[in-house]
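Because the structure is predicted, anything quoted here is derived from the model rather than measured.
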Amino acid sequence: KLSTSAKEWKPSSETSTGTPTSPKPSWQPQQYQATDSWNSPATPTSPSLNWQSQQQWGSPQHNQAQQTLPNIPSYLPQASLESNSWGNIDQSYDNTINEPSNNETPCTIPRTPPTIISSRYYWQHYRNVALSEEENLLAASDPIHKAVPPGFAALRLCNRHRLYGYPTQTFHVICQRTGQHYCLRRVDNVRLSPRIAASVTEQWTSASKQVNSSGLIRFIRSWGGPRKVLFFLHEYKRGVISLKQRFLVGQNKQQPILPPEPVIWSGLIPLMATIRAVHQSNLACRSITCSKVLLQPMMTGGDTMRWYLDGAAILDVLEFESRKPIEQLQLEDWHALGRVLLSLTTGTELTTSSSNNIQQCLQYCRQYYSTDIVDMINEFLFCTSAAAIQDPPSFYLWQQLEYQQQNLVEPLESALSVEYDSSRALRLLLKLGFINERPELGRNRQWIESGDCYVLKLFRDYVFHQADEDGNPVMDLGHVVSSLNKLDAASMEEIVLASRDGKTLMVVTFADVARALEKSYLDLCRHSSTVVAMYGR
């Protein structure tokens with residue numbers, strides 16, 4: 001029941017049957033700082049998953065750590081913990097919204113705090129990657145742009161080094177025709193015919209359709225330039241670092257880091273799958289070194305990463321005239337993988353000239369890692385045939401599959417659903433923005449103050465212009481999101497809309513507001529002018 005003696009109704013006021021509204025609401029919106037958690041105060045929080053703090057991969061301690069949610073960054077807007085209801089995902093925007101029957105309950109999807117936090121955590125991750133890339137952007141007047149071939153614009157100079165003995169510059173470029181980002185390598189002082197680069201490009205391009213592996217940095221093409229210059233174009237991965245930078249050199253030139261065994265298995269399994277996919281196409285990687293194995297940190301934090309093989313087809317071009325049989329090249333790939341694993345478990349980078357130190361490194365590896373890891377390294381280093389390489393123990397395969405499902409697939413699906421819901425809310429906001437505060441429709445200057453448009457005007461105040469009894473604004477993000485989702489789902493829940501002078505009160509449902517929104521928006525569309533009529537284009 002509504003009070004007839006109230007001077008002005010505020011959206012935050014509470015009504016009760018036969019009882020006047022309380023002068024001061026007992027509930028106050030709770031402000032959450034960066035150190036707060038969505039969990040109860042008794043539950044500890046951890047912004048990332050640390051492999052070193054786990055007793056065993058898949059243990060109860062590990063499962064408990066997976067349920068811990070990351071902290072909210074301090075620079076992000078803080079949301080209320082009020083429970084929200086997301087509307088039916090199958091609700092169409094373009095069709096007429098039909099009012100559900102009295103016995104029908106609108107389908108709602110609960111908006112849980114973990115999905116809110118995971119979406120913000122992903123946003124923070126990609127924001128940090130973008131900021132780190134923008135710090136090293138090349139100036140427009142930098143003469144280094146002349147080193148990039150026509151058709152590409154250089155964004156960053158990643159590094160200068162010697163690639164297999166040749167002076168090399170690596171660029172992050174963007175294609176001016178397609179807008180795609182690529183990794184471009186410029187190799188100088190190469191005495192090769194352009195036909196060789198074209199031949200290798202055709203070979204890898206035809207085989208890339210058969211290489212079904214996400215762990216290989218895709219090779220695009222290679223071509224020659226003037227003054228004995230050779231260019232290699234590869235796929236670009238954001239935020240990657242080499243295995244050497246992450247574990248062998250360490251951050252800020254610290255001591256090498258010995259990764260936990262679960263991290264090694266999480267990288268060994270996809271690397272083996274990538275090598276076998278390349279070998280099945282009658283090709284060889286030939287670039288399995290600590291500087292060519294790239295790691296891309298995942299949004300789940302800790303040591304969870306994606307492992308990639310970079311540098312495909314480079315040696316096929318540079319050593320085209322002295323190529324070995326493909327069987328020998330594939331066998332050398334497994335030997336190189338064994339050296340990479342041994343370097344990772346000992347903290348010492350091993351090359352083809354470090355064969356005298358292999359036995360000492362294996363003895364050191366046995367002191368810190370299980371016999372399964374040591375046996376795999378022995379098999380890679382001393383195998384005599386690529387076909388004799390066996391799969392890792394099935395126990396680690398199942399653990400890796402379960403970990404990928406729980407920590408990568410499900411969080412990414414949750415984040416995708418959040419982005420989908422955000423687009424639905426944006427479409428509602430765009431429609432409301434076209435209608436509210438429009439001065440006129442044709443010659444009708446009272447269009448916004450009458451009919452369905454007036455209902456939408458009051459609904460806009462109900463959603464965004466809430467205030468407490470003292471007139472202070474109430475910034476309740478949970479109320480805004482909940483109201484928009486109920487509007488999208490055409491919920492039968494009743495709300496009270498009040499004018500700003502308090503003389504008009506309306507009891508409507510979200511379904512009524514949804515029908516008014518569709519009708520007013522279609523009315524605008526019928527009377528709208530095209531861009532061609534306005535600008536003559």
Side-chain angles (χ1 to χ4, degrees), residues 1-38 40-41 72 74-87 106 108 110-113 116 425 428-429 432-433 435-438 448-514 516-517:
K1 297 181 180 179
L2 300 176
S3 174
T4 57
S5 61
K7 295 182 180 180
E8 183 177 0
W9 183 85
K10 299 294 184 180
S12 61
S13 303
E14 298 179 357
T15 58
S16 59
T17 305
T19 305
T21 58
S22 58
K24 201 73 173 179
S26 58
W27 178 85
Q28 296 292 338
Q30 184 178 1
Q31 287 291 338
Y32 278 82
Q33 303 300 328
T35 56
D36 292 336
S37 171
W38 293 100
S40 60
I72 306 175
S74 58
Y75 51 82
L76 295 178
Q78 308 300 325
S80 171
L81 286 183
E82 181 180 353
S83 61
N84 303 325
S85 297
W86 287 90
T108 58
R111 172 71 160 165
T112 58
I116 300 176
L428 290 176
L429 292 176
L432 289 172
I435 297 172
N436 285 326
E437 304 300 336
R438 178 172 288 275
I448 194 62
E449 299 292 339
S450 60
D452 296 329
C453 298
Y454 187 67
V455 176
L456 299 177
K457 180 180 178 180
L458 300 184
F459 180 76
R460 189 267 314 272
D461 292 341
Y462 168 79
V463 175
F464 297 103
H465 298 165
Q466 280 199 355
D468 59 13
E469 232 177 46
D470 297 331
N472 300 319
V474 176
M475 310 298 290
D476 190 355
L477 179 61
H479 168 75
V480 174
V481 176
S482 176
S483 300
L484 291 177
N485 289 319
K486 292 177 182 178
L487 173 64
D488 183 68
S491 173
M492 295 305 297
E493 179 182 343
E494 293 183 347
I495 57 174
V496 179
L497 304 180
S499 61
R500 297 181 179 180
D501 56 5
K503 296 181 180 180
T504 303
L505 294 175
M506 294 184 182
V507 179
V508 296
T509 62
F510 284 98
D512 298 332
V513 180
L517 177 61

Check [X] against [Y] and note the closest heavy-atom contact, atom names and distance.
| X | Y | value |
| --- | --- | --- |
| Cys453 | Ile435 | SG-CG2, 4.2 Å |
| Leu484 | Ala425 | CD1-CB, 4.3 Å |
| Ala490 | Ala511 | O-CB, 3.7 Å |
| Ser491 | Thr509 | O-CB, 4.0 Å |

Review point. With sequence neighbours excluded, what pairs up with Glu494 under the side-chain hydrogen bond (donor to acceptor under 3.5 Å, both in side chains) test?
Key: none

Practice item. For residues Leu517 and Phe459, determine if any side-chain heavy atom of one lies less than 4.5 Å from a side-chain heavy atom of the other. Key: no

**Study point:** pair Ser499-Leu458: side-chain heavy atoms closer than 4.5 Å
**Key:** yes

Check your understanding: In chain order, what residues pass the side chain to side chain contact (heavy atoms under 4.5 Å, CB included) check against Val508, with sequence neighbours excluded?
Key -> Ile495, Leu497, Met506, Asp512, Val513

Could you tell me the separation between the [atom1] atom of [X] and the [atom2] atom of [Y], rounded to the nearest 0.5 Å?
| X | Y | atom1 | atom2 | result |
| --- | --- | --- | --- | --- |
| Leu456 | Asp461 | CG | CG | 11.5 Å |
| Leu428 | Ser483 | CG | OG | 11.5 Å |
| Leu432 | Arg460 | CG | CZ | 9.0 Å |
| Asn485 | Phe510 | CG | CZ | 10.0 Å |

Practice item. Taking Asp470 for its side chain and Asn472 for its backbone only, find out whether a donor-acceptor pair lies under 3.5 Å. Key: no

Exercise for review: Applying side chain to side chain contact (heavy atoms under 4.5 Å, CB included) between Val474 and each of His479, His465, Gln466, report the one that passes.
Suggested key: Gln466

